[in-house]
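Contents: one structure, followed by commentary.
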Amino acid sequence: MFDLKAIRENPDAFDAGWARRGLDPQTPTILEKDKLIRKVKTMVQEAEAARNKASKQIGAAMGRGDKEEAERLKTEVAGAKNVIAALGVQLESEDTILNDLLASLPNIPADDVPNGASEDENVEIAKWGDPRSFDFDPKAHDDLGEALGMMDFETAAKMSGSRFVILRGALSRLDRALAAMMLDMQTGEGFEETSPPLLVWADPLYGTGQLPKFEEDLYKTTGDHYLIPTAEVSLTNTVRESILDLDTLPHRLTAHTPCFRSEAGSAGRDTKGMIRQHQFNKVELVSIATPDQSDDEHKNMLRCAEAVLQRLELPYRVVELCTGDLGFGARKTYDIDVWLPSQQTYREISSISNCGDFQARRMNARYRAGEKDNRFVHTLNGSGLAVGRTLVAVLENYQNEDGSITVPTALVPYMGGVETIG
RNA sequence: GGUCAGGUGGCUGAGUGGUCGAAAGCGCCGGAUUCGAAAUCCGGUAUAGGGGUAACUCUAUCGCGGGUUCGAAUCCCGCCCUGACUGCCA
C-alpha cells in the first residue's frame with residue numbers, strides 16, 4: 001500500500017516509478033478519488049458531530065425530565081442519521097475502489113534499479129566459478145536421478161499428477177543434507193531458525209503482496225487457509241501489526257519449509273524434471289530492518305546466499321533485475337543463477353529482494369524510531385537457497401560418466417560420510 | 001470438536017445503556033523540593049485519519065466484523081484469540 005500523503009505531495013515521482021514498470025500514470029485517478037473521499041468524509045464527520053452533540057443533549061434533557069425537548073432532538077438526530085447513511089454508502093464504495101486500485105499497484109523501483117522491459121535486460125553484476133568442462137555429454141538431472149532409481153516422477157504422478165516427484169534413498173538424503181547445511185550456515189550468520197505455519201489466512205498474504213493480485217498462483221484449502229508459496233509469507237508476517245524496538249533490528253529469520261505453487265501461469269514451462277514443481281523445499285531468509293539498514297542488509301543477504309554456492313563450489317552469476325522483471329513487492333532485487341551443464345545456461349536458484357516499506361504498510365509493521373515516532377520497517381527476503389534446484393545443480397555439475405554423482409566435499413559430513421551416490 | 005469463563009490504554013485493573021478515550025494504581029516524561037538522589041508533591045502521558053496558515057477542532061478505535069438504539073466498552077449475532085474442563089487424535 002502507499003502513503004497517500006506522499007502521493008498527494010509528489011504524484012510525479014510515483015507515476016515516474018510506475019512508468020518504469022510499464023504502467024500508465026495512476027495518480028490522476030488516485031488523487032481524484034482521494035479528493036472526493038476526503039470531501040465526503042468531511043461531510044460525514046460533520047453530520048456525525050451533529051448527531052453526537054444532539055444525542056448527548058437528549059441524555060441531558062431526559063435527565064431533567066424535558067421529554068418534549070428530547071423528542072425534538074430525536075428528530076434532529078434522525079435527520080443527521082439519514083445524511084450519514086447516504087454519504088456512508090458513497091464513502092464506502094469510493095473507498096473500496098481506491099483501496100482496490102492501490103492494493104493492485106506494484107512497489108516503486110529503487111532509483112538505482114536499471115530500466116528494462118524484460119529479464120533480457122537484467123544486468124549481470126558478478127560471476128563466480130568456472131563451468132566445468134566435461135569429456136562426455138553431461139546429462140540432465142532428471143535423467144541422472146531416474147537412472148539411479150532415486151528420482152521417481154512416474155509414481156509421484158500416479159498419486160499427485162505432474163510437477164511432483166519422489167526422491168528416494170541417497171537423493172532424499174541429499175535433499176535433507178543440503179537443507180541442513182544451508183540452515184547451519186544461515187543460523188551462523190545470525191538468522192534465527194524458525195518453523196512457521198505453512199497454512200495462513202488471506203490477510204498475511206495480502207501483507208506480503210501475493211493477494212489480491214496473484215490468488216491464482218496459490219493453493220487454497222477448503223477452509224480459509226492458503227498454503228504458503230514461500231516461507232517469506234510466514235516469516236515476514238511474524239512482525240505484522242507490531243511496533244518493534246529499534247535495538248531488535250535488524251531482525252533476521254530463516255526457515256526450511258515446503259513451498260506450494262499452482263504454477264497457473266507457467267503451463268508448458270519446465271515441465272520436465274525438478275526445476276518447476278508444485279511443491280518444493282526452500283531455505284528462506286527474511287530480515288526486518290530500518291530504512292537506514294536495509295541496503296546493507298540486502299547486500300548481506302546476497303552474500304549469505306552466495307556463500308552456499310561457493311561452499312558447494314557451484315558456478316553462478318548474480319544479476320540485478322531490471323524494472324521490467326522486478327517482482328510485485330520488490331523495490332530492488334538480486335537474482336542468483338546457478339550453472340546447469342545440461343542446459344548450458346544459468347538458472348535462477350535464489351532471488352533476494354528489498355521490499356522497502358511496501359509490505360510493512362500492508363502489514364502495519366513499524367518500529368519505534370523515537371518518542372512518539374513510529375515508522376514503517378523495511379522488509380527483505382531471499383532464498384538461501386531453493387533446496388530442490390540446488391539438488392538439481394549438484395547432480396548436474398557433479399555427475400560422472402558412469403551416471404554416479406560425486407558428493408561435494410562440504411556435503412559429505414551431512415551425508416553420513418557418503419562420497420559418491422550410485 | 002463440545003461446554004463454561006474471559007479479551008478494556010505500555011502493564012495491572014474498574015466500568016453492564018448517556019456527560020467514558022475510558023477510574024485507580026504501576027510505569028514513563030517534565031517540574032517543585034534536594035548539594036545530589038530516594039521519598040514526597042504538582043502537571044503531563046494511546047493510535048489512525050479529516051478540517052484549519054495556526055491556535056485548535058472533529059471523527060473513528062475498549063479482540064475483529066455486523067446489528068439493535070436518539071445514544072454501545074456495556075445489549076444481540078458471527079468470527080478470532082486466551083484459560084479451564086472435556087472429546088478425538090499425530
Side-chain angles (χ1 to χ4, degrees), chain A residues 1-9 30-103 195-207 211-212 220-226 234 237-248 257-258 357 359-377:
Chain A
M1 198 52 71
F2 299 93
D3 183 359
L4 272 173
K5 233 180 236 170
I7 295 178
R8 257 177 243 149
E9 283 163 11
I30 294 170
L31 291 179
E32 189 195 335
K33 280 287 171 214
D34 175 53
K35 199 171 167 187
L36 175 63
I37 285 167
R38 281 189 299 156
K39 189 180 127 204
V40 176
K41 191 177 270 180
T42 302
M43 288 158 73
V44 170
Q45 290 184 350
E46 278 166 1
E48 284 173 338
R51 177 204 62 192
N52 289 349
K53 194 175 160 200
S55 282
K56 282 187 182 175
Q57 288 172 346
I58 291 174
M62 304 273 261
R64 59 174 190 270
D66 188 346
K67 284 214 163 160
E68 219 169 282
E69 175 67 0
E71 285 308 316
R72 192 192 65 75
L73 287 164
K74 278 191 191 183
T75 59
E76 197 177 310
V77 170
K81 279 183 78 171
N82 284 334
V83 175
I84 292 165
L87 292 174
V89 171
Q90 190 191 357
L91 183 61
E92 194 175 325
S93 77
E94 297 294 348
D95 218 36
T96 303
I97 292 168
L98 179 58
N99 281 330
D100 288 353
L101 172 60
L102 289 173
S195 299
L198 309 180
L199 292 167
V200 298
W201 283 326
D203 265 6
L205 286 158
Y206 174 85
L211 291 179
K220 193 171 192 296
T221 67
T222 54
D224 295 326
H225 289 118
Y226 294 82
S234 309
N237 275 283
T238 56
V239 299
R240 67 178 290 112
E241 290 158 45
S242 53
I243 299 171
L244 306 166
D245 285 329
L246 191 55
D247 59 17
T248 64
T257 72
D357 64 8
Q359 295 178 324
R361 288 180 180 281
R362 291 172 160 244
M363 294 189 303
N364 195 20
R366 294 169 295 170
Y367 71 100
R368 214 179 300 281
E371 272 289 305
K372 291 199 173 221
D373 189 12
N374 298 330
R375 301 186 197 175
F376 290 109
V377 295

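In what follows, chains are A, B, ... by sequence order, proteins preceding strands, each numbered from 1.
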Checklist entry - Given the P atoms of rA38(B) and rG30(B), what is the spacing between them in whole Å? => result 12 Å

Next on the checklist: Just the rounded figure in Å: distance from P of rG10(B) to CG of Asp245(A).
Outcome noted: 13 Å

Next on the checklist: Suppose we define a pair by two distances each less than 3.5 Å, Watson-Crick or G-U wobble; what does rG6(B) pair with here?
Outcome noted: rC81(B)

Next on the checklist: Distance check, P atoms only: rA60(B) and rA54(B), in whole angstrom units.
Outcome noted: 23 Å

Item to check | Tyr206(A) backbone acceptor or donor facing Arg362(A) side chain under 3.5 Å | outcome: yes

Next on the checklist: Please report the distance, rounded to the nearest Å, between CG in Leu91(A) and P in rG50(B).
Outcome noted: 12 Å

Checklist entry - Which part of the nucleic acid, if any, lies within contact of Arg8(A), taking any heavy atom under 4.0 Å across all strands shown: a base, the sugar-phosphate backbone alone, or nothing? => result sugar-phosphate

Item to check | Spacing between Glu241(A) atom CD and rC81(B) atom P, to the nearest angstrom | outcome: 14 Å

Checklist entry - Hey, are the side chains of Ile30(A) and Leu4(A) touching, using non-hydrogen atoms and a 4.5 Å cut-off? => result yes

Item to check | Val77(A) side chain reached by Ile58(A) side chain, heavy atoms, under 4.5 Å | outcome: yes

Next on the checklist: Within the 4.0 Å heavy-atom criterion, would you say Arg72(A) contacts the bases, only the backbone, or no part of the nucleic acid?
Outcome noted: nothing

Checklist entry - With rounding to whole Å, what would you report as the distance between rG10(B) and rC29(B) at their C1' atoms? => result 13 Å

Checklist entry - Under a 4.0 Å heavy-atom cut-off, which of residues 75-85 of chain A touch RNA chain B? => result Val77(A), Lys81(A)

Checklist entry - Is there a Watson-Crick or G-U wobble partner for rG71(B) with both distances under 3.5 Å, and if so, which one is it? => result none

Checklist outcome for this item: Result for side chain to side chain contact (heavy atoms under 4.5 Å, CB included) between Tyr226(A) and one of Leu199(A), Thr221(A), Leu211(A) points to Leu211(A)

Item to check | Nucleotide rG51(B), atom P - distance to CG of Leu4(A) in whole Å | outcome: 11 Å

Next on the checklist: Only pairs with both distances under 3.5 Å count, Watson-Crick or wobble alike; so what is the partner of rC88(B) in this structure?
Outcome noted: none

Checklist outcome for this item: Scanning all shown strands, the Watson-Crick or wobble mate of rC41(B) with both distances under 3.5 Å is rG31(B)

Checklist entry - Given that both distances must come in under 3.5 Å, which nucleotide forms a Watson-Crick or G-U wobble pair with rC20(B)? => result none

Checklist entry - Once you round it to whole Å, what is the distance between P of rC79(B) and CG of Asp203(A)? => result 18 Å

Item to check | Straight-line distance of Leu102(A) CG to Ile7(A) CD1, nearest 0.5 Å | outcome: 5.5 Å

Next on the checklist: Can you check the distance between rG27(B) and rC85(B), where both ends of the measurement are the P atom (answer in whole Å)?
Outcome noted: 35 Å

Checklist entry - Mind checking whether Arg368(A) and Leu246(A) have side chains closer than 4.5 Å, heavy atoms only? => result no

Item to check | Lys220(A), NZ: over 12 other non-hydrogen atoms inside 6.0 angstrom | outcome: yes

Next on the checklist: Pairing check on rA60(B): which nucleotide meets the Watson-Crick or G-U wobble criteria with it, both distances under 3.5 Å?
Outcome noted: rU47(B)

Next on the checklist: Distance check, P atoms only: rU16(B) and rG6(B), in whole angstrom units.
Outcome noted: 14 Å

Checklist outcome for this item: Residue pairs passing the salt bridge (Lys or Arg N to Asp or Glu O under 4.0 Å) test with at least one member in residues 32-41 of chain A, sequence neighbours excluded, are Arg8(A)-Asp34(A), Lys33(A)-Glu94(A), Asp34(A)-Arg38(A)

Item to check | Residues that Ala49(A) engages under side-chain contact (heavy atoms from CB on, under 4.5 Å), provided they are two or more places apart | outcome: none

Next on the checklist: Under a 3.5 Å cut-off for both contacts, is rC11(B) paired Watson-Crick or G-U wobble with anything, and if yes, with which nucleotide?
Outcome noted: rG25(B)

Item to check | Whether over 12 other heavy atoms sit under 6.0 Å from Asn99(A) CG | outcome: yes

Checklist outcome for this item: From CG of Asn364(A) across to P of rU47(B) the rounded distance in Å is 13 Å

Checklist entry - Measuring from Asn364(A):CG to Gln359(A):CD, what's the distance to the nearest 0.5 Å? => result 14.0 Å

Checklist entry - Can any side-chain N or O of Asp95(A) pair as donor or acceptor with the backbone N or O of Leu91(A) at less than 3.5 Å? => result no

Using nucleotides 15-23 of chain B, report all nitrogen or oxygen pairs with the protein that are shorter than 3.5 Å.
from, atom 1, to, atom 2, distance (Å)
rG18(B), N2, Ser55(A), O, 2.9

Item to check | Whole-Å P distance, rG63(B) and rG9(B) | outcome: 8 Å

Checklist entry - Say you pick atom P in rG44(B) and the same atom in rG49(B); how far apart are they, in whole Å? => result 26 Å

Next on the checklist: Set out, in order, the CA-CA distance, both residues' side-chain angles and the distance that settles salt bridge (charged side-chain N to carboxylate O under 4.0 Å, His left out) for Glu9(A) and Lys5(A), then state yes or no.
Outcome noted: CA-CA 6 Å; Glu9(A) 283 163 11; Lys5(A) 233 180 236 170; over 6 Å; no

Next on the checklist: Looking at Asn374(A) and Arg366(A), would you say the former's side chain and the latter's main chain have a donor-acceptor pair under 3.5 Å?
Outcome noted: no

Checklist entry - Would the number of heavy atoms belonging to other residues, nucleotides or ligands and lying under 6.0 Å from CD of Gln90(A) be above 12? => result yes

Next on the checklist: I need the residues from residues 31-45 of chain A with at least one non-hydrogen atom less than 4.0 Å from RNA chain B; give them sorted by number, or say none.
Outcome noted: Arg38(A), Lys41(A), Thr42(A), Gln45(A)

Item to check | C1' atoms of rU8(B) and rA23(B), separation to the nearest Å | outcome: 12 Å

Checklist entry - Hey, which of these two, Glu92(A) or Ala50(A), hits RNA chain B nearer its 5' end, going by closest nucleotide? => result Ala50(A)

Checklist entry - Within this structure, what is the CZ-to-P distance between Arg375(A) and rU47(B), rounded to whole angstrom? => result 15 Å

Any protein N or O atoms within reach of nucleotides 60-65 of chain B? Criterion: under 3.5 Å, listing atom names and distances.
from, atom 1, to, atom 2, distance (Å)
rA60(B), OP1, Arg51(A), NH2, 3.1

Checklist entry - Is the shortest heavy-atom distance from the side chain of Pro196(A) to the side chain of Thr257(A) under 4.5 Å? => result yes

